[in-house]
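This report refers to the structure that appears directly beneath it.
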Amino acid sequence: MSLKIYNTFSRKKEPFEPLNPPEVGMYVCGITAYDLCHIGHARCYTAFDAIYRYLVFKGFKVKYVRNFTDLDDKIIQRANEKGVDIKTLADQNIEAFYEDMDTLGLVRPDVEPRVTEHMQDIIDVVRRIIDNGYGYVKNGNVYFNVQAYDGYLQLSGRKLDDMVAGARVEVNEEKEHPLDFALWKAAKPGEPSWDSPWGKGRPGWHIECTVMSTKYLGHRFDIHGGGADLIFPHHENERAQSYAAFGTDFVKYWMHNGFVTVSEEKMSKSLHNFLTIKDVTAMYFPEALKYLLLSMGYRKPINYSEEAMARAEDRIEYFYESIAAAREYIDRRGGTVDPKVVQQSMDRLVDYMDDDFNTAGVLGGLNTDVKALNEALSIKGKAPAKADRIASLLQAIERQGAVLGLFTSDPQSVLDGIRKRRIAALGVTEDEIEQAIEARKAARKDRDFERADAIRNELAAKGIVMMDTPQGTIWKARRLGVNDE
RNA sequence: GGCGGCAUAGCCAAGAGGUAAGGCAGCGGUCUGCAAAAUCGCGAUUCUCCGGUUCGAAUCCGGAUGCCGCCUCCA
């Protein structure tokens, strides 16, 4: 099987045939840098990170471009509220964005263009659109004439008349058609502005992506992605602008990720029901968020809940514990990798990923493998094939994980990170736990099991589980109150 | 009002014409002083409902119902 991608434009899965193989151009709409990122952003960039990694794994030479919108109404407004200039605000939020992306272990795109650094390019494209008869100037504003492009609304599958009838279109006397949108906005007093042939002003919202995507990827490129809420009007308008400027349908495959919901409602700034990436990764180990986001197909909605996060974190813990145990075993006993075992898992991964990047299926397979790994680990004695089986499954897990950007960290530091977050949430200190373990050890030595059990129960009530092993007593922290629902 | 998507066990979720992955929870066994962790075994004659196509449908077609989203800034 070969790679198929669901194309929003055709609403079908299509065979992936890049314009210039093995090169692939991929543009993903980036952030508007006026605030911290929420986990909806995390979903989008995690999904396209996995897509990027898989395309690279398949042997494509991917050029990945993701923009920063560092100039728009919201940035200007927020900067005014805070009494800083827009560059300061944008820089702060871009820095915070990088922290978030690094926390989640997402790769940096090859090019990350900013709007304010592409003014001349934007002006040039707006001029082309006017020259080609798709734009008009009114009082220093430049508008796109949607009636001039008969392909308008093809991406979102709507009709011009229905859109107008659907109301809620802003009234603007300057526009020839209510759906005409601004390519260039005349400067208002107190707003940052740039010189242009139409007077001082700044770009409209959609033009930046048209300009920066085509500048770095050519007038026609392979993949354009973003959240499903961008289909209309953002991507629809980009498409119209590109056609107007360059006479081509600029994107071959339109890809849109589904939303993150909270209590089944879309997470959005206007509903004030969003959590930032920083909120979530402070509470839960960051890779758990990544696991949760990849545990469903990228087009389906994901409902965020504490319970879902706790379960994802449990899975991360389980994987890393298993990986650590397997490595420890192999360090002691050796073990030869059977390429067939690894290949079988990788073939399964390819089958899933080729089917529109089914990361959920891959995770299912990974769970089967890690369970098999623990099964091998739990065999008593030294069955001859045991070490080889462990070595093979470990490699299968690590190689699959690498394709998704999962399970690539040092197990001990992950386990420590999970443990720290959990005891903080439980309000218990490590000293407290160590003291209890010592007290219980003494009781057990005296074979006072009643007292030993009482100590253990006391800690269990606080969410700390003690476990006796041949190497001594170890402990784990649980998340309380999330499995009761 | 227009357009799009989704509906699979108690819960989360793969599967896209050939007889239901995986995870959580639950029950029973191994292990253990007892536990925990880990592991083994057990769960849908059936995929919202009603028709149709087919030797065969969770998968295709038609219809119904319910939920979600877009049409305004939004990943």
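Throughout, a chain's letter reflects where its sequence line sits, starting with A, and its residues are numbered from 1. This is a predicted model, so every value here is computed, not measured.
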Counterpart base for G56(B), defined by Watson-Crick or G-U wobble contacts under 3.5 Å | none

To the nearest angstrom, how far is D314(A) atom CG from A37(B) atom P?
-> 10 Å

Is C34(B) paired to anything, Watson-Crick or G-U wobble with both distances less than 3.5 Å, and if yes, which nucleotide?
-> none

Nearest to the side chain of T368(A), which nucleotide is it out of A14(B), C71(B), G22(B)?
-> G22(B)

Ion pair K278(A)/D100(A), N-O distance below 4.0 Å = yes

Which of these nucleotides, C70(B), C24(B), A13(B), is closest to any side-chain atom of R158(A)?
-> C70(B)

Could you give the distance separating U19(B) and A57(B) at their P atoms, to the nearest angstrom?
-> 12 Å

Considering only the P atoms, how many Å lie between C27(B) and U32(B), rounded to the nearest integer?
-> 22 Å

Of the listed U39(B), C34(B), G5(B), the closest approach to the Y6(A) side chain comes from G5(B)

Please work out if H256(A) contacts a base, only the sugar-phosphate, or nothing of the nucleic acid, heavy-atom cut-off 4.0 Å.
-> nothing

Toward the 5' end of RNA chain B, by each residue's nearest nucleotide, L363(A) or A452(A) = L363(A)

Using Watson-Crick geometry (N1-N3 plus N6-O4 or O6-N4) or G-U wobble (N1-O2, O6-N3), each under 3.5 Å, A64(B) is paired with U48(B)

Using the P atom in both, what is the distance from A21(B) to C55(B), to the nearest Å?
-> 27 Å

Of C34(B), A16(B), A75(B), the nucleotide closest to the side chain of R456(A) is C34(B)

Whole-Å gap separating P (U30(B)) and CG (L377(A)) | 22 Å

Rounded to the Å, how far apart are E307(A) CD and C24(B) C1'?
-> 8 Å

According to a strict under-4.0 Å criterion, is N358(A) in side-chain N/O contact with OP1 or OP2 of A14(B)?
-> no

Close side-chain approach of E238(A) to L230(A), heavy-atom, < 4.5 Å = no

Can a salt bridge be assigned to the pair D72(A) and R202(A) using a cut-off of 4.0 Å between side-chain N and carboxylate O?
-> no

Is the phosphate of A16(B), meaning OP1 or OP2, less than 4.0 Å from a side-chain N or O of K12(A)?
-> no

Polar side-chain contact R444(A)-G33(B) base: donor and acceptor under 3.5 Å = yes

V260(A) near the nucleic acid: base, sugar-phosphate alone, or nothing, with a heavy-atom cut-off under 4.0 Å?
-> base

Using the P atom on both, measure G69(B) against G56(B) and round to a whole Å.
-> 40 Å

Assert: residue with more 5' nearest nucleotide on RNA chain B, out of T261(A) and R478(A), is R478(A)

Sub-4.5 Å side-chain heavy-atom contact between D102(A) and R108(A) | yes

Member of D468(A), D446(A), D453(A) meeting the salt bridge (charged side-chain N to carboxylate O under 4.0 Å, His left out) criterion with R440(A) | D468(A)

Selection from A37(B), C34(B), G15(B) that lies nearest to any side-chain heavy atom of D355(A) = G15(B)

Does a nitrogen or oxygen in the side chain of Y318(A) sit under 4.0 Å from OP1 or OP2 of U39(B)?
-> yes

Nearest-Å distance for atom pair CE/C1', residues M296(A) and A21(B) = 16 Å

Taking NE2 from H234(A) and P from C70(B), how many angstroms apart are they, rounded to a whole number?
-> 16 Å

Partner nucleotide, any strand, of G41(B) [Watson-Crick/G-U, under 3.5 Å] | C27(B)

Whole-angstrom distance between G43(B) and C12(B), as gauged at atom C1' = 16 Å

Classify the nucleic acid contact of I231(A) as base, sugar-phosphate or nothing, counting any heavy atom under 4.0 Å across all strands shown.
-> nothing

Provide the distance between the two P atoms, one in C6(B) and one in G17(B), to the nearest whole Å.
-> 15 Å

Ring stacking, F449(A) with base of G33(B), under 5.5 Å and under 30°?
-> yes

Would you mind telling me which of G23(B), C70(B), C73(B) lies closest to the side-chain atoms of N367(A)?
-> G23(B)

Rounded to the nearest Å, what distance is computed from the NZ atom of residue K266(A) to the P atom of nucleotide C6(B)?
-> 18 Å

Taking 4.0 angstrom as the limit, do K185(A) and D73(A) come out as a salt bridge?
-> yes

If you measure from the C1' atom in C70(B) to the same atom in A38(B), how many Å do you get, rounded?
-> 47 Å

In whole angstroms, the gap separating P of C3(B) from NZ of K159(A) amounts to 6 Å

Do Y291(A) and F285(A) have ring centroids that are under 6.0 Å from one another?
-> no

Calculate the interatomic distance between M255(A) atom CE and G5(B) atom C1'; express it in whole Å.
-> 16 Å

C1' atoms of A9(B) and G23(B), separation to the nearest Å = 13 Å

Within the pair K4(A) and A16(B), is there a side-chain N or O less than 4.0 Å away from OP1 or OP2?
-> no

NA contact type, G297(A), heavy-atom cut-off 4.0 Å: base, sugar-phosphate, or nothing?
-> sugar-phosphate

Do D229(A) and C71(B) have a side chain to base donor-acceptor pair shorter than 3.5 Å?
-> no

Compare side-chain N and O positions of R315(A) against OP1 and OP2 of C24(B) and report whether any pair is under 4.0 Å apart.
-> yes

Phosphate OP1/OP2 of G23(B): any K371(A) side-chain N/O under 4.0 Å | yes

Under 6.0 Å between the ring centres of Y64(A) and F48(A)?
-> no

Is the F357(A) to Y52(A) ring centre distance short of 6.0 Å?
-> no

Of the nucleotides A75(B), A35(B), A38(B), which has the atom closest to the N257(A) side chain?
-> A75(B)

